K.L.:
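My structure is below; once you've seen it, I'll send some questions.
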Amino acid sequence: MPDPQLVLAERVGDALVAAFGPEFTGTDPVIRPSQFADYQANVALPLAKRLRRPPRDVAAALVEHLDVADVCDEVEVSGPGFVNFRLSEGWIAGQAQGLLGDDRLGVPVAAKPQVIPVDYSAPNIAKEMHVGHLRTTVVGDALARTLEFRGHQVIRQNHIGDWGTMFGMLIEHLLDVGEESAEAGLLKSDPNAFYQAARNRFASDEEFAERSRRRVVALQSGDEATLELWQELVDLSKVYFNKVYAKLGVTLTDADLAGESMYNKWLSEVCDELEAKGIAVMSEGALCVFLDGFTGREGKPVPLIIRKSDGGYGYATTDLAAIRYRVRDLHADRIVYVIGTPQALHLKMVYETAHKAGWLPDDVRPVHVNIGNVLGTDGKILRTRAGSSIRLMELLDEAVARAREVVAETRPDLDEGTRAKIAEDVGIGAIKYADLSTAHDSEYTFSFDRMLALNGNTGPYLQYAAARIRSIFRKGGGAPSEATEPIVLGEPAERALALTLLGFGDAVRQVDELLEPHRLCAYLYELASAFTTFYESCPVLKAPDDATRDSRLALSALTLGVLVQGLALLGVRAPEEM
RNA sequence: GCGCCCAUAGCUCAGAGGACAGAGCGACAGACUUCUAAUCUGUUGGUCGCAGGUUCGAAUCCUGCUGGGCGCACCA
């Protein structure tokens, strides 16, 4: 077990029982990183009252029963009753050494692997993806990768918007322009253009509008020819989605598509069952679920409308069918919704309704990973100057273009193809990392300059650290996988780096439990900083002696491994050189 | 009107009820004949929106207030 916090927690836990009795089994020893030592245990202070002894006495008794000689070279009671631990260099080195032979790099497999459907991305057919989609796609993908690495069975659920009344006009427009036409081809590259054209005709051409309305009816009644046309629309849109996903380096494939249309066959059943159980009632012509505590304007109860007064179904019904499917058919233990913050109320109502209906048992936990808005530098939701939402592809292209400019300036020695590849990794990595490194629920301010900076908590900074390590090995360090010589810690920068390396497992575990990728980012940034400090003060290839050189090579190899693996969990590539 | 979220350095953001609230950017001062200076080191910078409360201890938990964002019946 390389994680110092876990080791200390166990030892302090044992000491608590030894010092104060078995009733203290399981007491949280409150181990925290310390500014006065490596770690500190804060447990003595809250215990003082319970034991009716001064906190310093409690801490002293704790230390007396503590067995950490193999781990620490200094333990002291400090301040009002903190217990400070200084880990021994030998122990840190030994643990780091152990990580060298561990392909999981200290990341434990989850104690209880779960089945976890992760609902993310969810673009709409015939619509451009915007920055909002970008963020749920990137965060969801990072969570999926991380949960999988922890040993959970992740089931990606791309809940695309592939159903609804707008398909009437989309199908009619597709028919009019022809399936093989250039206009139809817009669906693959610039879907908004196609959508707008259909919309304009719907608004201005009454004959077209009438056809569109009839088409919706045909679609909903399962007319074969109409369904084929609908499928054609979906297939064309898929090309666009996959283009974006490929550009982004996201793991979603066609196999993960689980769009709204998939639930059509269950919608009436869902309504009938809710009505039969007395959970849903008719109100103003619509079938609604009213839940306690959900009131809106003028104290009126807010309904979850599951069947509209025209007999159609909205997204509430689809979401209910989806949650039922995920529990009953996918056997979910935890359901992750990576969806915008404004949906919070809706999701709460869906959970509660599903729970009342018996579709969501107590031991299945739905979690809303709510995604905050992406803002422009003016503090408003990111839009173009004209006021329309910014096209995702343009955004990605601009990030890559900016990265290309920098690479052209700094690395004229590289050939064009290599530079292009680096610019791609850096530009895309910068955008993704920017989405991941701030708390998912906070609104964050989009800025190319900040996300592409080589300083601070950015993708390029982490990539640069990894590239420099790779450069060391290219320049004569052999292969990183062969750097397995004993790690010996002399310099403070070596010690700090090794200690940081031991924290990878805990960082990944936190992302699993809290579903907050920014914690992994913060850890990786800390690691990259620790490495850069080490890099400045501790020559590797020109180390004073062979043993030191080998040790530093091992530390570098380990750092590279953690950086690359950590970035991979976030879905960010680490280029060979920069 | 009701509900949810947010308020931390000039700016962008972290912050597991614990010691003196941390990074980066910016500003200022330094470091390349040395493994990538796209880097590093140091200095500067704060009534944690306001007022109460709980606690040995509050940026963190509770209440109220102010200011901002979002949601609140047939779009998803």
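In the text below, chain A, chain B and the rest are named by the order of the sequence lines, each starting its count at 1. FYI, side chains are in, hydrogens and waters are out, and symmetry mates aren't considered; it's all heavy atoms of this structure. Given the structure is predicted, the values throughout are model-derived calculations rather than measurements.
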K.L.:
Think R468(A) has a side-chain N or O under 4.0 angstrom from the OP1 or OP2 of A37(B)?
P.N.:
yes
K.L.:
Report yes if at least one side-chain N or O of H346(A) is closer than 4.0 Å to OP1 or OP2 of C4(B); otherwise report no.
P.N.:
no
K.L.:
Compare side-chain N and O positions of N455(A) against OP1 and OP2 of A38(B) and report whether any pair is under 4.0 Å apart.
P.N.:
no
K.L.:
Rounded to whole angstrom, note down the C1' distance from C40(B) over to G24(B).
P.N.:
14 Å
K.L.:
Of the candidate nucleotides G18(B), C13(B), U55(B), which contains the atom at the shortest distance from the side chain of K49(A)?
P.N.:
U55(B)
K.L.:
As a quick check of understanding, evaluate salt bridge (charged side-chain N to carboxylate O under 4.0 Å, His left out) for D435(A) and K432(A), giving each step before the final call.
P.N.:
CA-CA 5 Å; D435(A) 269 328; K432(A) 294 178 81 172; over 6 Å; no
K.L.:
Counting just side-chain N and O atoms, does K300(A) come under 4.0 Å of either OP1 or OP2 of G1(B)?
P.N.:
no
K.L.:
If each of Y444(A) and T295(A) is mapped to the nucleotide of RNA chain B with the nearest heavy atom, which maps nearer the 5' terminus, i.e. the 5' end?
P.N.:
T295(A)
K.L.:
Kindly say if S471(A) contacts the phosphate of U36(B), meaning a side-chain N or O under 4.0 Å from OP1 or OP2.
P.N.:
yes
K.L.:
Is it true that, when you exclude D545(A) itself, more than 12 heavy atoms of the residues, nucleotides or ligands shown sit nearer than 6.0 Å to its CG?
P.N.:
yes
K.L.:
What's touching nucleotides 59-64 of chain B from the protein side, N or O pairs under 3.5 Å?
P.N.:
none

K.L.:
Dot-bracket, RNA chain B: Watson-Crick or G-U, under 3.5 angstrom, [ ] crossing, | other strand?
P.N.:
(((((.(..((((....[...))))((((((.......))))))....(((((..]....)))))).)))))....
K.L.:
Report the distance from atom OH of Y523(A) to atom P of A16(B), rounded to the nearest whole Å.
P.N.:
19 Å
K.L.:
Please determine, by modelled atom types, if T418(A) and D415(A) share a side-chain donor-acceptor pair under 3.5 angstrom.
P.N.:
yes
K.L.:
Using O4'-C1'-N9-C4 for purines and O4'-C1'-N1-C2 for pyrimidines, with syn meaning within 90° of 0, is C32(B) syn or anti?
P.N.:
syn
K.L.:
If the condition is side chain to side chain contact (heavy atoms under 4.5 Å, CB included), which residues does D546(A) pass it with, not counting sequence neighbours?
P.N.:
none
K.L.:
Any N or O donor-acceptor pair linking the side chain of S283(A) to the base of A73(B) at under 3.5 Å?
P.N.:
yes
K.L.:
So which one's nearest nucleotide on RNA chain B is more toward 5', P33(A) or P303(A)?
P.N.:
P33(A)
K.L.:
Is the distance from the ring center of Y464(A) to that of Y461(A) below 6.0 Å?
P.N.:
no
K.L.:
Closer than 3.5 angstrom, by distance alone: can the side chain of Y240(A) be matched with the main-chain N or O of M129(A) as a donor-acceptor pair?
P.N.:
yes
K.L.:
May I ask you to decide whether E485(A) forms a salt bridge with R549(A), counting only side-chain N to carboxylate O separations under 4.0 Å?
P.N.:
no
K.L.:
What's the closest nucleotide to the K475(A) side chain, out of U36(B), C56(B), A73(B)?
P.N.:
U36(B)
K.L.:
Would you verify whether the NZ or CZ of R32(A) falls within 45 degrees of the ring axis of Y39(A) while also being under 6.0 Å from that six-membered ring's centre?
P.N.:
no
K.L.:
Considering only the C1' atoms, how many Å lie between C61(B) and G17(B), rounded to the nearest integer?
P.N.:
8 Å
K.L.:
Mark yes or no for a side-chain to base donor-acceptor pair under 3.5 Å between Q40(A) and A19(B), with no hydrogen or angle criteria applied.
P.N.:
yes
K.L.:
Which nucleotide wins on minimum distance to the side chain of R297(A), given the candidates A19(B), C56(B), A73(B)?
P.N.:
A73(B)
K.L.:
What pairs of nitrogen or oxygen atoms, one from the protein and one from nucleotides 20-23 of chain B, lie under 3.5 Å apart?
P.N.:
from	atom 1	to	atom 2	distance (Å)
A23(B)	O2'	Y525(A)	OH	3.3

K.L.:
Between R552(A) and E494(A), does any NZ, NE, NH1 or NH2 come within less than 4.0 Å of an OD or OE carboxylate oxygen?
P.N.:
yes
K.L.:
Please report the distance separating the P of G26(B) from the corresponding atom of U63(B), rounded so that it comes out in whole Å.
P.N.:
41 Å
K.L.:
Would you check, one step at a time, whether the test salt bridge (charged side-chain N to carboxylate O under 4.0 Å, His left out) holds for E398(A) with R402(A)?
P.N.:
CA-CA 6 Å; E398(A) 180 163 356; R402(A) 285 175 182 237; 3.0 Å; yes
K.L.:
How far, in whole Å, is C32(B) from G18(B) if one measures between their C1' atoms?
P.N.:
44 Å
K.L.:
Between S551(A) (side chain) and I487(A) (backbone), is there a donor-acceptor pair under 3.5 Å?
P.N.:
no
K.L.:
Thinking salt bridges, do R509(A) and D512(A) make one under a 4.0 Å N-O criterion?
P.N.:
no
K.L.:
Once you measure the plane-to-plane angle for H346(A) and Y315(A), does it fall in the parallel (<30°), tilted (30-60°) or perpendicular (>60°) bin?
P.N.:
parallel
K.L.:
According to a strict under-4.0 Å criterion, is S442(A) in side-chain N/O contact with OP1 or OP2 of C6(B)?
P.N.:
no
K.L.:
Could you tell me whether the phosphate oxygens of C40(B), OP1 or OP2, come under 4.0 Å of any side-chain nitrogen or oxygen in Y461(A)?
P.N.:
yes
K.L.:
Which of these nucleotides, A73(B), A38(B), U12(B), is closest to any side-chain atom of E284(A)?
P.N.:
A73(B)
K.L.:
Say whether, by atom type as modelled, one donor and one acceptor occur between the side chain of R86(A) and the main chain of F36(A) under 3.5 angstrom.
P.N.:
no
K.L.:
Verify whether the ring centers belonging to H159(A) and Y263(A) lie closer than 6.0 Å.
P.N.:
yes
K.L.:
State the CG-CZ distance between D425(A) and R573(A), to the nearest 0.5 angstrom.
P.N.:
4.5 Å
K.L.:
What distance, rounded to whole Å, do you find between the two C1' atoms, one in U55(B) and one in C13(B)?
P.N.:
30 Å
K.L.:
Rounding to the closest angstrom, what is the interatomic distance between G45(B) and C6(B) at atom P?
P.N.:
31 Å
K.L.:
Would you kindly give the CG-to-C1' distance between D292(A) and C2(B), to the nearest whole Å?
P.N.:
16 Å
K.L.:
What distance, rounded to whole Å, do you find between the two C1' atoms, one in A37(B) and one in G67(B)?
P.N.:
44 Å
K.L.:
Tell me whether the side-chain N/O atoms of T410(A) come closer than 4.0 Å to OP1 or OP2 in U36(B).
P.N.:
no
K.L.:
For nucleotides 68-70 of chain B, give me every protein contact, N/O to N/O, under 3.5 Å, one pair per line with atom names.
P.N.:
from	atom 1	to	atom 2	distance (Å)
G69(B)	O2'	E443(A)	OE2	3.4

K.L.:
Do the side chain of S309(A) and the base of C74(B) come within less than 3.5 angstrom through a donor-acceptor pair of N or O atoms?
P.N.:
yes
K.L.:
Please state how far atom CG in N42(A) lies from atom P in C56(B), giving the value in whole angstrom units.
P.N.:
17 Å
K.L.:
Are R135(A) and V338(A) close enough that some pair of their side-chain heavy atoms sits under 4.5 Å apart?
P.N.:
no
K.L.:
Output one line per pair: protein atom, nucleotide atom from nucleotides 27-34 of chain B, and distance, for all N/O pairs under 3.5 Å.
P.N.:
from	atom 1	to	atom 2	distance (Å)
U34(B)	O2'	K542(A)	NZ	3.3

K.L.:
Taking the same atom, C1', in U41(B) and in A16(B), what whole-Å distance lies between them?
P.N.:
31 Å
K.L.:
Is it the case that the side chains of N373(A) and Y444(A) hold a donor-acceptor pair, with the cut-off being a distance below 3.5 Å and no angle test?
P.N.:
no
K.L.:
Ignoring the backbone of V540(A), work out which of C35(B), U39(B), A76(B) is nearest its side chain.
P.N.:
C35(B)
K.L.:
Just N and O in the side chain of R470(A): are any of them under 4.0 Å from OP1 or OP2 of U36(B)?
P.N.:
no
K.L.:
Below 4.0 angstrom from OP1 or OP2 of G15(B), is there any side-chain N or O of R519(A)?
P.N.:
yes
K.L.:
Check whether any side-chain heavy atom of Q157(A) sits under 4.5 Å from a side-chain heavy atom of Y120(A), and report yes or no.
P.N.:
no
K.L.:
After noting the C-alpha distance and the side-chain angles of S437(A) and N457(A), does the key distance pass the side-chain hydrogen bond (donor to acceptor under 3.5 Å, both in side chains) rule?
P.N.:
CA-CA 7 Å; S437(A) 58; N457(A) 190 8; 4.7 Å; no
